[in-house]
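This one's a predicted model, so the numbers in the text were calculated from it and none came from an experiment. Both ligands and their constituent atoms are indexed starting at 1 by order of listing. The first residue of the sequence shown is numbered 1, and numbering continues consecutively from there.
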Amino acid sequence: MKKNKKLAVFASGNGSNFQAIVDAVYSGELDAELSLLVCDKPGAYAIERANNAGIPRFVFEAKAYASKEAFEKEMIAHLKSADVDFIVLAGYMRLIGSTLLNEYEGRIVNIHPSLLPAFPGKDAIGQALTAGVSETGVTVHFVDEGMDTGPIIAQKRVDIEENETLESLQAKIHAVEHRLYPAVLQKLLTQGEMTYGKKESVN
Ligand code: GRF
């Protein structure tokens, strides 16, 4: 029997995408094992979600370490002891450093709330509203050393209506993210080979 891949999800806040992944594993939509939550904010709601789902977690504070290299080395120890194959960033608010990238090259993905390369970085939803564009969306991409710059795996559009508010647009984007991320992960993890850099659309 084929062995399911083991995932670590990295989150810094609410963790609604983490929850969508947990739910997809439980419903059988996503053939994977959730082996670890990594969180850099001790008060984050994502931690409670991990506790509720019985998922082990590694919670840390960057300021307790001398450098990014130092906390990424400790992360790697936790990832290895949990036998993690694949890292899923879901609202993790830090750039991944070379220590972790070298160890998990081509096996780290991120979700971003815009149609990259448009609106990278923080507050991508607010950036799109301020720019006055008529559509934005969601991107799942492989992670490299840049800020939201790695090869794109999948994208989905979201219309911006005339009377759109930040709250209404956030709600629409999150709803799309919660469907798209588990679906893309299922494809990536069950295709045997990772389709590094190959763009596909998931409807
Ligand atoms: C999402 O919009 C994701 O695209 C971005 O951060 C947000 C995280 O939300 N990277 P949540 O913590 O999953 O609710």
Counting non-hydrogen protein atoms only, what is the nearest one to [atom]? Give residue, atom name and distance.
atom: atom 8 (C) of ligand 1; answer: Gly91 CA, 3.6 Å
atom: atom 12 (O) of ligand 1; answer: Gly15 N, 2.8 Å
atom: atom 9 (O) of ligand 1; answer: Asn17 ND2, 3.8 Å

Exercise for the section: Would you mind listing which atoms of ligand 1 come within a distance below 4.0 Å of any non-hydrogen atom of Glu177? Expected result: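 Selected atoms, number and element: 1 (C), 2 (O), 3 (C), 4 (O).
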Practice task
Could you list the atoms of ligand 1 found under 4.0 angstrom from a heavy atom of Ser16?
Solution key: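 Taking each heavy atom of Ser16 in turn, ligand 1 has 11 (P), 12 (O), 13 (O), 14 (O) under 4.0 Å.
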Exercise for the section: In plain terms, say whether Lys172 and Glu164 are close enough for a salt bridge, that is, a side-chain N and a carboxylate O under 4.0 Å apart. Expected result: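 Salt bridge present between Lys172 and Glu164.
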Exercise for the section: Could you tell me whether Asp40 and Arg94 have a side-chain N and a carboxylate O separated by less than 4.0 Å? Expected result: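 Looking at Asp40 and Arg94, the cut-off is met.
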Practice task
Report yes if Ala90 has an N/O atom closer than 3.5 Å to an N/O atom of ligand 1; otherwise report no.
Solution key: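 No; the residue has no nitrogen or oxygen that sits under 3.5 Å from a nitrogen or oxygen of the ligand.
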Handout entry: ligand 1 N/O within reach of Ile111 N/O, cut-off under 3.5 Å
Key =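 N/O-N/O distance below 3.5 Å exists for this pair.
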Problem - Close side-chain approach of Thr99 and Lys68, heavy atoms under 4.5 Å - result: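 SC-SC contact between Thr99 and Lys68 ruled out.
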Exercise for the section: Please examine the side chains of Lys80 and Glu103, heavy atoms only from C-beta on, and report whether any two atoms are closer than 4.5 Å. Expected result: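 Side-chain contact under 4.5 Å: yes.
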Practice task
Evaluate the side-chain contact (heavy atoms from CB on, under 4.5 Å) criterion for residues Ser134 and Ile160: first the C-alpha distance (whole Å), next the side-chain angles of each, then the deciding distance (0.1 Å), finally the verdict.
Solution key: CA-CA 5 Å; Ser134 61; Ile160 301 181; 5.6 Å; no
Practice task
Give a yes/no verdict on whether any heavy atom in His174 is under 4.0 Å from an atom of ligand 1.
Solution key: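 Under 4.0 Å: yes for His174.
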Practice task
Give a yes/no verdict on whether any heavy atom in Pro113 is under 4.0 Å from an atom of ligand 1.
Solution key: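 Contact check Pro113 vs ligand 1: positive.
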Handout entry: Aromatic ring pairing Phe58/His78, orientation class (parallel under 30°, perpendicular over 60°, tilted between)
Key =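 Because their plane-to-plane angle is under 30°, the rings of Phe58 and His78 count as parallel.
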Practice task
Give a yes or no on whether the backbone of Leu169 and the side-chain of Glu161 come within a donor-acceptor separation of less than 3.5 Å.
Solution key: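 No, the answer is negative, given that no donor and acceptor are paired below the 3.5 Å cut-off.
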